[in-house]
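The basis for the numbers below is simple: all heavy atoms, side chains too, and nothing from hydrogens, waters or symmetry mates.
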Amino acid sequence: LQDAVTGSLAAVYRNNNRGRLMSDSLLSRFALAALAATFLVPAANCAFAQTADNRSTAEIERENAALRAKVHRIEAEKDNVALHAKVDQLQGRRPVQAATTESAQGAPQPLVTRIQTSAPDRTLVMADMPMKAAAIPAAYYSWTGFYLGGNIGYGVADDRARSSLDVFNATGSAANTTAGETVVTPAGAIGGVQLGYNWQGGPNWLIGFEADFQSSAQKATSCVAILCEKIPGNQSVTPTLTQDLDYFGTLRGRFGFLDRGNLFYVTGGGAYGHVNQTLDLRASNAGPPTASFSGSASESENKFGWVVGAGMESSLGGNWTGKVEYLYMDLGSTANALNGVFPAGVQGGGSFTFGSASSLRDNIVRAGLNYRFGPPAGPVSAYDAMAAIPPVAAISAWSGFYVGANVGYGFANDHTQQDLLQSFTGSSTPSLLATSEPGTSVAPRGALGGAQFGYNWQAAPHWLVGFEADFQGTAQNDTACISLVCFNQILSTGATLVDNVQVQHQLDYFGTARGRIGAIFNNTLFYATGGAAVGRVRDTLHVDFAGTNAAGSLFVDQTTAKDLTGYVVGGGIEAMLWGGWSAKAEYLYMNLGSFSTSLDASLPGNPATWLSNSTVRDHIVRVGANYHFGVAPY
């Protein structure tokens with residue numbers, strides 16, 4: 001009670017004397033002595049006592065009664081009620097001591113109240129409620145120090161390969177197959193550890209460095225050329241290229257923007273990785289005579305390059321933080337070759353040289369957890385206390401509708417298989433003349449952007465459920481080449497048939513409707529999401545058959561647009577900022593199923609059909625901003 005009355009008296013004093021300094025310190029000391037007398041001197045025994053200035057006790061009591069009435073009116077004011085309500089929101093906190101100070105001029109100074117939180121290692125100091133002291137400077141969550149953590153994620157490479165296959169028959173004639181730019185997309189899970197240091201140069205920015213080491217299961221095999229059979233069901237040749245990334249690491253600088261316990265950063269630096277590239281060549285003749293061949297050549301090496309990216313990291317409480325991150329890594333290029341001789345029954349027993357060179361480009365998405373070493377983060381000074389984990393005014397309810405926009409990047413991994421069917425004389429059933437089995441890849445990639453709206457229902461202080469729908473325009477596009485060479489026409493009739501086939505995939509737009517469930521820590525939402533997806537894909541086949549010795553020629557372009565439906569899953573981080581605005585970073589994996597297209601690839605006297613069968617698998621990273629309607633801090 002004494003604390004409350006003393007603080008209220010100070011408030012009355014400030015309200016009655018705002019803008020002026022008390023010139024007589026004696027009056028201040030007298031007022032405090034009078035208030036003390038109210039509690040310490042029994043009225044019955046002091047009815048006729050007098051003070052040093054000849055005022056009676058009754059007069060002092062009347063003055064105190066008037067002061068107490070003013071205190072009650074001030075405590076009922078809206079500002080004080082709001083302050084009490086805010087302090088009540090600090091769960092687990094209780095006042096444990098209070099004190100008053102006095103300036104050299106004798107004017108009462110703001111009281112301070114020491115608040116002990118539920119955490120045993122945290123004690124806050126803040127201005128006493130009734131006092132309207134100067135505005136508290138914005139404090140910040142401290143990020144400075146070393147940290148250690150782990151991460152898991154997924155990587156999808158976009159390796160462009162150029163391959164060639166030279167076959168020499170017994171007489172020295174050569175069939176040279178130089179394939180166009182094909183795509184190998186090693187994809188798989190990754191996981192590892194990171195170590196770093198942050199230096200926070202101010203309340204809103206930091207710089208630092210981070211080193212990480214990752215184990216990788218990224219691997220893919222692609223057919224780099226299609227070779228015709230000499231006679232249907234007789235001979236076949238299949239050249240393939242396999243790439244895998246065993247491990248990699250990076251050493252990067254970081255620069256970030258801070259909003260209390262949220263860090264939005266860009267990063268870049270050096271990278272290294274261990275890459276394996278294997279060339280396989282399989283050939284067979286069903287007979288007669290029966291013959292087969294299988295050979296391979298591998299190249300393993302450590303590659304060095306560079307990496308850039310961006311991410312978002314947020315406080316989980318104490319010294320723990322969680323993050324999501326996207327990195328683009330370039331490890332240069334690699335190449336190797338396979339030399340050998342076919343057996344007599346395969347391609348005339350000729351020798352061959354099979355070579356391939358490819359770039360090494362990787363897209364990495366990962367989520368991580370970090371622990372910062374040192375004392376618990378957070379301010380401990382009187383003026384920083386109101387911003388401690390987190391400021392009361394920044395604790396927000398998430399329930400309600402929201403609308404926003406986003407930008408990002410998409411990189412797909414579309415597996416495609418190409419087959420050439422030809423109807424031979426005397427047969428009404430088309431026969432498989434050539435195939436790209438085990439398939440190749442098309443990797444549409446490009447910028448995307450769009451809008452989203454949704455609704456959150458915060459069922460408890462630390463979790464919510466909701467839904468979100470979005471619509472995205474995208475510039476994702478890619479073209480892969482496949483060379484088709486019929487060696488038999490070189491080795492038997494002398495005719496040459498070299499075909500160039502291009503497969504192009506373009507994602508025009510897509511949209512999703514998803515549910516969300518998330519956990520809230522320090523006003524930041526960590527969520528998982530999933531639902532339905534729809535998108536429009538355009539598939540273009542370009543066939544260029546150029547023949548000699550009456551083999552004929554064919555030039556065909558055909559585009560097919562299809563609306564596909566599928567599913568989408570993902571996760572992200574969203575941080576409430578100010579005035580109803582929030583920022584988020586998000587990853588989505590979208591599967592739109594598969595589709596098939598065909599075109600007439602007939603040459604004079606040789607009816608044929610070209611078939612293309614493809615899947616659509618897209619990886620999406622994006623950042624966005626949302627405005628929440630009716631979301632008010634409490």
Side-chain angles (χ1 to χ4, degrees), residues 82 85-93 118 141 259-262 264 312-317 320-324 367 369 389-408 449-472 510-534 565-590 620-634:
K86 290 179 180 179
V87 172
D88 289 341
Q89 295 294 333
L90 299 174
Q91 299 179 355
R93 301 180 182 180
S118 57
Y141 178 96
D259 179 72
R260 299 182 295 274
N262 298 304
F264 307 86
M312 179 177 174
E313 188 170 355
S314 295
S315 167
L316 295 174
W320 291 96
T321 59
K323 70 173 183 177
V324 293
L369 190 68
I389 323 177
V392 175
I395 301 176
S396 301
W398 287 75
S399 292
F401 287 96
Y402 62 89
V403 65
N406 66 80
V407 295
Q452 67 269 354
F453 75 92
Y455 180 83
N456 292 321
W457 178 59
Q458 187 169 348
H462 296 295
W463 67 275
L464 64 72
V465 294
F467 75 87
E468 181 173 291
D470 66 276
F471 182 83
Q472 306 289 134
F510 68 89
T512 72
R514 296 170 282 110
R516 300 204 307 172
I517 182 169
I520 301 170
F521 296 93
N522 295 328
N523 220 24
T524 300
L525 171 65
F526 299 80
Y527 65 90
T529 183
V534 61
T565 58
Y567 67 89
V568 61
V569 294
I573 299 178
E574 186 171 359
M576 193 67 72
L577 300 179
W578 53 83
W581 287 97
S582 67
K584 71 173 184 177
E586 185 176 61
Y587 163 76
L588 297 176
Y589 169 76
M590 183 171 64
I620 300 153
V621 290
R622 59 188 183 185
V623 295
N626 289 326
Y627 180 77
H628 299 256
F629 298 98
V631 172
Y634 60 82

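- Taking OG1 from Thr512 and CZ from Phe471, the interatomic distance works out to 11.0 Å, rounded to the nearest 0.5 Å.
- Summarising the geometry, atom OH belonging to Tyr402 is positioned 9.5 Å from atom CZ belonging to Phe453; distances are rounded to the nearest 0.5 Å.
- Residues Phe264 and Val623 have side chains not in contact (no heavy-atom distance under 4.5 Å, counting atoms from C-beta outward).
- Nearest heavy-atom pair across Trp463 and Val465 is CZ3-CG1, 3.8 Å.
- The shortest heavy-atom contact between Gln458 and Ser399 is N-OG, 2.7 Å.
- When all heavy atoms are compared, the tightest approach of Leu316 to Phe521 is O-CD2, 3.7 Å.
- When all heavy atoms are compared, the tightest approach of Ala451 to Asn406 is N-ND2, 4.1 Å.
- Centroid-to-centroid, the aromatic rings of Tyr587 and Tyr589 stay 6.0 Å apart or farther.
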Donor-acceptor pairs under 3.5 angstrom involving side-chain atoms of residues 572-585: please list them, not counting sequence neighbours.
unit_1 : atom_1 : unit_2 : atom_2 : d
Glu574 : OE1    : Arg516 : NH1    : 3.2
Glu574 : OE1    : Arg516 : NH2    : 3.4
Glu574 : OE2    : Ser582 : OG     : 2.6
Glu574 : OE2    : Asn626 : ND2    : 3.0
Glu574 : OE2    : His628 : NE2    : 3.4
Ser582 : OG     : His628 : NE2    : 2.8
Lys584 : NZ     : Glu468 : OE2    : 3.0

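- How far CZ of Phe467 is from OH of Tyr455: 9.0 Å, rounded to the nearest 0.5 Å.
- No donor-acceptor pair closer than 3.5 Å links the side chain of Thr529 to the backbone N or O of Gly570.
- Separating the OG1 atom in Thr524 from the CE atom in Met312 is a distance of 6.0 Å, to the nearest 0.5 Å.
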Checklist entry - Hey, mind stepping through Asn523 and Trp398 against side chain to side chain contact (heavy atoms under 4.5 Å, CB included) and telling me if it holds? => result CA-CA 9 Å; Asn523 220 24; Trp398 287 75; 3.8 Å; yes
Item to check | From CA spacing to verdict: side chain to side chain contact (heavy atoms under 4.5 Å, CB included), Arg622, Asp470 | outcome: CA-CA 12 Å; Arg622 59 188 183 185; Asp470 66 276; 3.2 Å; yes
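- Taking Trp457 as the reference, nothing meets the ring-ring contact (aromatic ring centres under 6.0 Å, His included) condition, with sequence neighbours excluded.
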Next on the checklist: Apply side chain to side chain contact (heavy atoms under 4.5 Å, CB included) to residues Val568 and Ile620 and explain how you reach the verdict.
Outcome noted: CA-CA 10 Å; Val568 61; Ile620 300 153; 5.6 Å; no
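- Asn522 CG to Thr321 OG1: the interatomic distance, rounded to the nearest 0.5 Å, is 11.5 Å.
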